[in-house]
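Working notes, beginning with the structure itself.
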Amino acid sequence: MLLSFGVGWFMNPGFKWNAGVKVIYIVTLVSVIVSLIIVALFRNSFDLNSSVIDILVHYSLRVFVLGMVSIFGLSVAEILKHKKVTIESEDNENYVFSPNTSESELVINEAKLKAEKIIFEAEKEAHNINDRKTRIEIQLRELIQTEREVIRNYEKEDGTSKDKNVE
């Protein structure tokens, strides 16, 4: 049985799971048929106290159990291989999710540059708004000054024209 387990174990790297199981099933089936033929031909050499059918079943089950032990060895090797692959992939995933310090520094520097750019644009917009406000205030003062002069000129003309009309 140990030899059958070892055969299944060592078949895994070469045959993989699907092909290995097929090979073991075929070999087991052929072995059962060959053992049945041998037992049928040489039944006198086997246990004399048992019937032929008992002997056939007994040796067929022996070969079948050995084949199943081989499949068990193949499956244990496959499970261990998948466990190793899973552990390696988990290690790789952990590596991917934990960024290096240089990568994190690059991300932080990029965020700082974007923040500085946004602040610069906001300050530039605020400066433009203040300049427009100042220009509008200057234009309003000039307009008010011009209106005052127009009103003074109008009052002077009104006053001189009334004086002329009174004489």
Side-chain angles (χ1 to χ4, degrees), residues 1-140:
M1 286 183 88
L2 188 58
L3 183 63
S4 294
F5 182 85
V7 167
W9 180 283
F10 289 115
M11 281 181 63
N12 186 45
F15 286 97
K16 306 298 181 214
W17 174 252
N18 290 331
V21 170
K22 288 177 186 176
V23 167
I24 291 173
Y25 275 139
I26 292 170
V27 169
T28 303
L29 183 63
V30 169
S31 298
V32 167
I33 293 170
V34 169
S35 69
L36 288 175
I37 292 171
I38 290 174
V39 168
L41 291 177
F42 301 107
R43 64 178 170 244
N44 295 332
S45 301
F46 295 99
D47 191 11
L48 297 175
N49 296 331
S50 299
S51 69
V52 176
I53 299 212
D54 287 344
I55 296 171
L56 292 175
V57 170
H58 178 76
Y59 283 98
S60 298
L61 284 177
R62 276 189 185 179
V63 173
F64 182 75
V65 168
L66 290 175
M68 293 303 107
V69 169
S70 295
I71 290 177
F72 179 67
L74 182 75
S75 64
V76 168
E78 187 75 16
I79 287 170
L80 291 177
K81 183 181 80 170
H82 283 299
K83 185 176 181 180
K84 181 180 176 185
V85 169
T86 303
I87 289 171
E88 289 175 357
S89 67
E90 286 176 358
D91 290 343
N92 289 340
E93 287 175 3
N94 290 340
Y95 177 75
V96 169
F97 288 124
S98 61
N100 293 334
T101 55
S102 61
E103 291 177 16
S104 60
E105 289 175 0
L106 290 174
V107 171
I108 290 172
N109 288 338
E110 183 180 349
K112 284 181 181 179
L113 288 174
K114 287 181 180 179
E116 288 176 1
K117 181 180 176 184
I118 291 170
I119 291 171
F120 176 75
E121 293 293 327
E123 287 176 349
K124 183 178 171 183
E125 186 67 27
H127 182 67
N128 288 340
I129 291 172
N130 283 335
D131 285 345
R132 279 190 272 157
K133 178 187 163 197
T134 305
R135 279 187 265 134
I136 290 172
E137 286 176 351
I138 290 171
Q139 289 174 352
L140 277 173

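Computed from a predicted structure; not experimentally measured. Computed from heavy atoms alone, side chains included, the values below leave out hydrogens, waters and symmetry copies.
Among pairs with a residue in residues 61-77, those fulfilling side chain to side chain donor-acceptor pair (under 3.5 Å) read His58-Arg62, at least two apart in sequence or across chains. Applying the salt bridge (Lys or Arg N to Asp or Glu O under 4.0 Å) rule to pairs touching residues 9-20 yields nothing, sequence neighbours excluded. Counting only residues at least two apart or in different chains, side chain to side chain donor-acceptor pair (under 3.5 Å) contacts with residues 116-127 comprise His127-Asp131.
When the ring pair (Phe, Tyr, Trp, His ring centres under 6.0 Å) test is applied to Phe10, no partner is found at least two apart in sequence or on another chain. With sequence neighbours left out, the side chain to side chain contact (heavy atoms under 4.5 Å, CB included) criterion links Ile138 to Thr134, Glu142. Under the salt bridge (Lys or Arg N to Asp or Glu O under 4.0 Å) criterion, Lys22 pairs with no residue at all, not counting sequence neighbours. For Leu80, the side chain to side chain contact (heavy atoms under 4.5 Å, CB included) criterion is met by Trp9, Val76, not counting sequence neighbours. Every side chain to side chain contact (heavy atoms under 4.5 Å, CB included) that Val63 has, sequence neighbours left out, goes to Ser31, Val32, Ser35. For Ile136, the side chain to side chain contact (heavy atoms under 4.5 Å, CB included) criterion is met by Leu140, not counting sequence neighbours.
Taking OG from Ser4 and CG from Leu74, the interatomic distance works out to 12.5 Å, rounded to the nearest 0.5 Å. We find the CG-CG distance between Leu66 and Leu61 to be 11.0 Å, quoted to the nearest 0.5 Å. Here the CD-CZ distance, from Gln139 to Arg132, works out to 12.5 Å after rounding to the nearest 0.5 Å. The CD1 atom of Ile118 sits 11.0 Å away from the CG atom of Leu113 when rounded to the nearest 0.5 Å. Atom-to-atom distance recorded for Ile37:CD1 and Leu56:CG is 11.0 Å, nearest 0.5 angstrom.
Sparse packing is recorded around CD1 of Ile53, with 12 or fewer heavy atoms of other residues, nucleotides or ligands lying under 6.0 Å away. No more than 12 heavy atoms of other residues, nucleotides or ligands shown are found within 6.0 angstrom of CZ on Phe72.
In this structure, Asn12 and Glu78 approach most closely via the heavy-atom pair OD1-OE1, 2.6 Å.
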Task: Stepwise side-chain contact (heavy atoms from CB on, under 4.5 Å) check, Leu29 with Tyr25 - done: CA-CA 6 Å; Leu29 183 63; Tyr25 275 139; over 6 Å; no
- [ ] Assess whether side-chain contact (heavy atoms from CB on, under 4.5 Å) is satisfied between Met68 and Phe64, documenting all intermediate values.
- [x] CA-CA 6 Å; Met68 293 303 107; Phe64 182 75; 3.8 Å; yes
